[in-house]
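See below for the structure under consideration.
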Amino acid sequence: MLSVEEAQERVLELVTPLGVEHIALHNALHRVLAADAVAAFDVPEGDNSAMDGYALIADDTPGTLRVIEDIPAGTVPQQRVERGTASRIMTGALVPEGADAIAQVEITDGGSETVRVDRKVAPGTHVRRRGEDMRSGDTVIARGTRIGPAEIGVLASVQQSRVTVARKPALAILATGNEILDVGAPRRAGSIVNSNSYALAALAREAGAEPQLRGIVSDTREATVAGLSNALDCDFIVTSGGVSAGAYDFVKDAVAELGADTRVWRVAMKPGKPVVVSRLPGGQVAFGLPGNPVSCMVAFILFVAPAIRKAMGEAPLFPPAVSVRLDAPLRSPGDRRTYLRVRVIARDGDLVAVPMKAQGSHVSTSMLGANGLAILESGITRVEAGEQAPVLLIGNPFNGMSHAK
Ligand code: AMP
Ligand code: MG
């Protein structure tokens, strides 16, 4: 069986970068920048004042100076500050020629004809230097960066009202199983509601893809082939269920029938062992994920999300793993690497990982509030409370916050 890392490598080999598009800055949140953002001018464009006060020559302080000009923000100073003079200046206004420091208004008498400066002011005090934030020609944000609020602000500062971002991959989602019925359908004996497609769509959206629900197919080879064929307009196809060794598991055969080049089949992990990843003749990458809701989500996080990021040229591709102290013991059969759901919380100023009560791969509620996957490597059957374990940080830390204990 492939290790998780080998499988991830093989998945990424199948993924080629998508094209780019130009969008308005205000729509760019969470998109991936596809071209370096370069400053076309210095920010700030000139030395400016960090305080309301007086622009002056530091050597003149303390002392009483003649006020020669008023410089509100947004105006251009007209007068040169000479020895014995000062200009009244507001925060953000350009520092006039000749001045080498700002005395904040609080250490003066606030005068408008003359001003008394009570304390010594060192050269450079409260002067924001030209280009201190960004210099013309600097790459201020590298391509491949996921755009967050700070990136939006910096892009606005350098006047990128439109930005070049990676196209969002289209991701088709297909549920399989005779027992699976959709959220709105009346339940019947033996039925299981399709939760996977909705959870997968949410995961896809968080990773940056555009999910498209493409229904539920029954457990026949023909229906599975038809369902997959109907999804070939997308960049990625993700199915859930039908990849185990059961007599009704047709996903692997169906992708083969479509001419797939299958690179991953079964991965040494729990949950999520039955995973099939293939490249279809049209270049689409098809992921057959397991049916159990937890296995399905974990497999998406480990294999599909990094593929989405690579398609968008994003770096890094994988969430960080950190060492966290366990709040309760964790167990694993030890035959392969096990991922266990935990919630990493702050307690007494330290991070601790609180394992979810149930760890069965069919217990969808065990994912509620989980923001980490603790990793127990093959051969490890137990980690005790108080010991450290590597934890893969997943998702938005605020998701399901009220589940925190
Ligand atoms: P399978 O691999 O098809 O045998 O599915 C394994 C388990 O996952 C079965 O209990 C299925 O009922 C369940 N399952 C499969 N697909 C879904 C789905 N879309 N939503 C919720 N549970 C599912
Ligand atoms: Mg099934």
Side-chain angles (χ1 to χ4, degrees), residues 1-2 7 171-207 209 211-228 230-231 234 236-257 260 262 264-278 286-305 333 336 338-339 341 356 358-368 370 400:
M1 243 187 287
L2 292 174
L171 185 146
I173 296 169
L174 200 62
T176 74
N178 292 337
E179 78 281 28
I180 305 303
L181 50 83
D182 218 340
V183 273
R187 293 190 311 286
R188 50 176 198 264
S191 66
I192 290 181
V193 180
N194 177 16
S195 62
N196 287 347
S197 292
Y198 294 90
L200 289 171
L203 283 165
R205 211 177 276 288
E206 277 198 340
Q212 299 185 15
L213 297 181
R214 293 291 170 91
I216 303 167
V217 297
S218 56
D219 288 320
T220 67
R221 189 180 165 124
E222 300 71 49
T224 311
V225 169
L228 290 167
N230 177 45
C234 290
F236 294 112
I237 304 170
V238 177
T239 65
S240 68
V243 277
S244 307
Y248 294 93
D249 293 328
F250 291 109
V251 170
K252 189 161 180 279
D253 293 348
V255 286
E257 188 169 326
T262 292
V264 174
W265 166 234
R266 297 217 164 115
V267 183
M269 59 185 273
K270 179 182 150 57
K273 179 176 82 172
V275 171
V276 54
V277 187
S278 322
F287 295 85
L289 306 186
N292 278 310
V294 173
S295 317
C296 182
M297 290 185 76
V298 169
F300 186 101
I301 290 164
L302 293 177
F303 304 112
V304 188
R336 53 203 146 108
T338 304
Y339 290 92
R341 274 84 65 213
M356 298 299 157
Q359 293 285 350
S361 60
H362 59 293
V363 185
S364 61
T365 51
S366 73
M367 285 298 281
L368 292 175

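Residue numbers start at 1 and run along the sequence shown. The analysis underlying the following values was restricted to heavy atoms, covering all of them including side chains, and did not include hydrogens, waters or symmetry mates. Just follow the structure's listing: the first ligand is 1, and inside any ligand the first atom is 1.
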Contact summary for Val251 and Gly288, nearest pair of heavy atoms: CG1-CA, 4.2 Å
Ser244 near ligand 1 by a heavy-atom separation under 4.0 Å: yes
Closest non-hydrogen atom pair, Pro271 against Val294: CG-CG1, 4.2 Å
Candidates Asp219, Val217, Ile216 - the one meeting side chain to side chain contact (heavy atoms under 4.5 Å, CB included) with Asn178: Asp219
Heavy-atom neighbours of Arg187 CZ exceed 12 at 6.0 Å: no
Residue part near ligand 1, for His362, under 4.0 Å between non-hydrogen atoms: neither
Smallest separation among heavy atoms of Thr338 and Pro333, with atom names: OG1-CD, 4.2 Å
Intermediate values then yes/no, side-chain contact (heavy atoms from CB on, under 4.5 Å), Arg214 and Asn230: CA-CA 8 Å; Arg214 293 291 170 91; Asn230 177 45; 4.2 Å; yes
Closest approach of any protein heavy atom to atom 23 (C) of ligand 1, naming residue and atom: Gly291 O, 3.3 Å
Ligand 1 contact by Gly177, heavy-atom criterion under 4.0 angstrom: no
Residue portion contacting ligand 1 (non-hydrogen atoms closer than 4.0 Å) for Val193: backbone
Atom 17 (C) of ligand 1 [closest protein heavy-atom partner, distance rounded to 0.1 Å]: Asn196 ND2, 3.1 Å
Residue, atom name and distance, where the atom is the protein heavy atom closest to atom 11 (C) of ligand 1: Glu179 OE2, 3.1 Å
Nitrogen or oxygen of Pro290 less than 3.5 angstrom from that of ligand 1: no
Location of contacts on Ile192 toward ligand 1, heavy atoms closer than 4.0 Å: side chain
Numbered atoms of ligand 1 (with element) below 4.0 Å of Gly241, judged on heavy atoms: 2 (O), 3 (O)
Minimum-distance pair of heavy atoms, taken over all atoms of Pro290 and Pro274: CD-O, 3.4 Å
Enumerated ligand 1 atoms positioned under 4.0 Å from heavy atoms of Ser240: 19 (N)
Donor-acceptor contact below 3.5 Å, side chain Ser197 vs main chain Asn194: no
Protein contact to atom 19 (N) of ligand 1 [nearest heavy atom, distance to 0.1 Å]: Asn194 OD1, 2.9 Å
Residue, atom name and distance, where the atom is the protein heavy atom closest to atom 7 (C) of ligand 1: Asn292 OD1, 3.4 Å
Minimum heavy-atom distance between Arg221 and Ala254, given as atom pair plus value: O-CB, 4.5 Å
Option whose closest heavy atom lies nearest to atom 1 (P) of ligand 1, chosen from Ser195, Gly242, Gly288, Ala175: Gly242
